Amino acid sequence: MTTTDERAVPVTAPATGAPAAEPGLPPTDERPVTLSGRDAYRDELTRLAASDDTIVCLEADLGGKGHPFQAAHPERFFNLGIAEGAMVDMAAGLAAGGHKPFVSTFAPFAALRAAESLKLTLGYLAAGVTVVAPYAGVSGAWFGTTHHCLEDLAILRSVPGVTIAAPYGDAEMRAVVREAVRSGRPHYIRTGRNATYASLPLPEPQPGGELPLVNWEFRAGPDDVCLVSVGEEGTRLALAARRAAPGTAHAHLVYLDHENLTRAAAELARHHDRFVVVEEHRGQGGVAEALALLLPEARVTSVSADRSWPAHGGDHEEVMAALGLDLPAVLAAVEKA
């Protein structure tokens, strides 16, 4: 692992598509974009820390030059180096001392290398630590399998008491960070690398700016198939599938832990009984598998990364496609469902 690889490749631009067939759907993904998920996190945490001196920021040698939190609050910024487990352990101590620690490192190193520390800190101790994990899925692309993480949801969802979120776009990331600060609960926030997306609009204002359990980007009849999108790339693909297959319902989920999924499943079941879940994760331990258990009367299809390992380099979308996670796969699943 190096400390400079994340700054070596240009920002990934959102995909574009054909005009939509029904009102309300953006004609393409060329909506206004602001910051990537990880940069929106850094910016929002820096802003919140200006009025809350209990917020501290820890990074595992990945902050880069000009980290906004370090610049604004140097006395509360800690670079722990390539010592992910120790970073989480230190955050547990800070939480016990009355602070609100936010720690960040690549998803494979957070969820896998520091797994025991996460289990004890977030689960057993229920410490108010928030882990922000960029480079989830295969967003590391060219960096290879060591920088890919298709197993983190399975690991974190098995730890009771952890709130798990996979925001899509700047606004969702900011809302999730604010909620983590407000609630003081253990959080695991999954995001990508440099891709920038505008969050989906909310159907109506939520109390306290909270995100809905299910954001219905498009509603359809009860006999129609419903796409369920998870995370940045799952949502990008679901929106592309909606343009190619107008009339398909689309429900977007941000919170993916058992508690929130149980409540979201109840709402999904009130409207549909056939679902196609799109997620940048392995099928085993993913959201589709969870919803299938929560919705035994429904038909749940998974479009996810298959059980192979990426064998060739490429950009993010190329690596996803090699794992069976692309638009043709989503459309085929919708047609079959």
Side-chain angles (χ1 to χ4, degrees), residues 12-22 24-31 136-142 144-145 148-151 153 166 168-169 190 192-198 200 217-218 220 223-253 268 272-289 291-292 298-337:
T12 303
T16 58
E22 71 271 3
L25 179 68
T28 75
D29 267 351
E30 294 179 323
R31 290 166 289 174
V138 291
S139 58
W142 288 104
T145 302
H148 298 164
C149 191
L150 294 166
E151 306 82 16
L153 296 181
Y168 175 78
R190 183 186 213 250
R193 184 172 178 268
N194 284 331
T196 54
Y197 298 113
L200 299 177
E217 185 269 325
F218 183 73
D223 295 330
D224 292 302
V225 175
C226 179
L227 284 162
V228 178
S229 65
V230 173
E232 292 181 355
E233 297 309 303
T235 307
R236 176 185 65 79
L237 287 171
L239 290 171
R242 283 260 296 113
R243 292 191 294 273
T248 306
H250 175 207
H252 171 60
L253 306 181
L268 291 171
H272 296 277
D273 61 8
R274 290 178 295 161
F275 303 95
V276 173
V277 181
V278 190
E279 55 184 322
E280 190 184 2
H281 190 273
R282 298 201 187 281
Q284 295 71 34
V287 173
E289 192 172 79
L291 287 177
R299 178 176 178 179
V300 180
T301 301
S302 173
V303 182
S304 57
D306 65 19
R307 291 179 60 83
S308 65
W309 297 100
H312 304 285
D315 66 22
H316 190 179
E317 292 186 27
E318 289 172 339
V319 176
M320 287 172 58
L323 292 168
L325 184 55
D326 56 12
L327 180 57
V330 176
L331 293 174
V334 170
E335 179 65 24
K336 185 176 182 180

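FYI, side chains are in, hydrogens and waters are out, and symmetry mates aren't considered; it's all heavy atoms of this structure. Starting from 1, each residue takes its place in the sequence as its number. Predicted, not measured: the structure shown is a model, and the values here were computed from it.
Between A251 and L268 the shortest heavy-atom distance is CB-CD2, 3.7 Å. A pairwise comparison of heavy atoms in W309 and T145 identifies CE3-CG2, 3.6 Å as the closest pair. The shortest non-hydrogen separation linking V277 to A288 is CB-CB, 3.7 Å. Closest of all the heavy-atom pairs between A241 and L227 is CB-CD1, 4.0 Å. Looking at every heavy atom in both residues, E232 comes nearest to A195 through OE1-CB, 4.3 Å.
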Atom pairs and distances, donor-acceptor, side-chain atoms in residues 320-337, under 3.5 Å, two or more places apart:
unit_1, atom_1, unit_2, atom_2, d
D326, OD1, A329, N, 3.1

Could you pull out all donor-acceptor pairs under 3.5 Å where a side-chain atom in residues 280-287 meets a protein atom, sequence neighbours excluded?
unit_1, atom_1, unit_2, atom_2, d
E280, OE2, V138, N, 2.8
E280, OE2, H316, NE2, 2.6
H281, ND1, L150, O, 3.4
H281, NE2, L150, O, 3.2
H281, NE2, L153, N, 3.1
H281, NE2, A154, N, 3.4
R282, NE, E151, OE2, 3.3
R282, NH1, D306, O, 2.7
R282, NH1, S308, O, 3.1

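Counting only distance, with no hydrogens or angles, the side chain of H250 and the backbone of L239 share no donor-acceptor pair below 3.5 Å.
Salt bridge annotation for E279-R190: absent, with no cationic side-chain nitrogen under 4.0 angstrom from a carboxylate oxygen.
Contact check for F275 versus L291: no side-chain heavy atoms found under the 4.5 Å cut-off.
A distance of 6.5 Å separates CH2 in W142 from CD in E318, rounded to the nearest 0.5 Å.
Taking the side-chain hydrogen bond (donor to acceptor under 3.5 Å, both in side chains) definition, one finds that H252 meets it with E172, S229, T235, sequence neighbours left out.
A cation-pi arrangement is present between R242 and F218 under the rule of less than 6.0 angstrom and at most 45 degrees off the ring axis.
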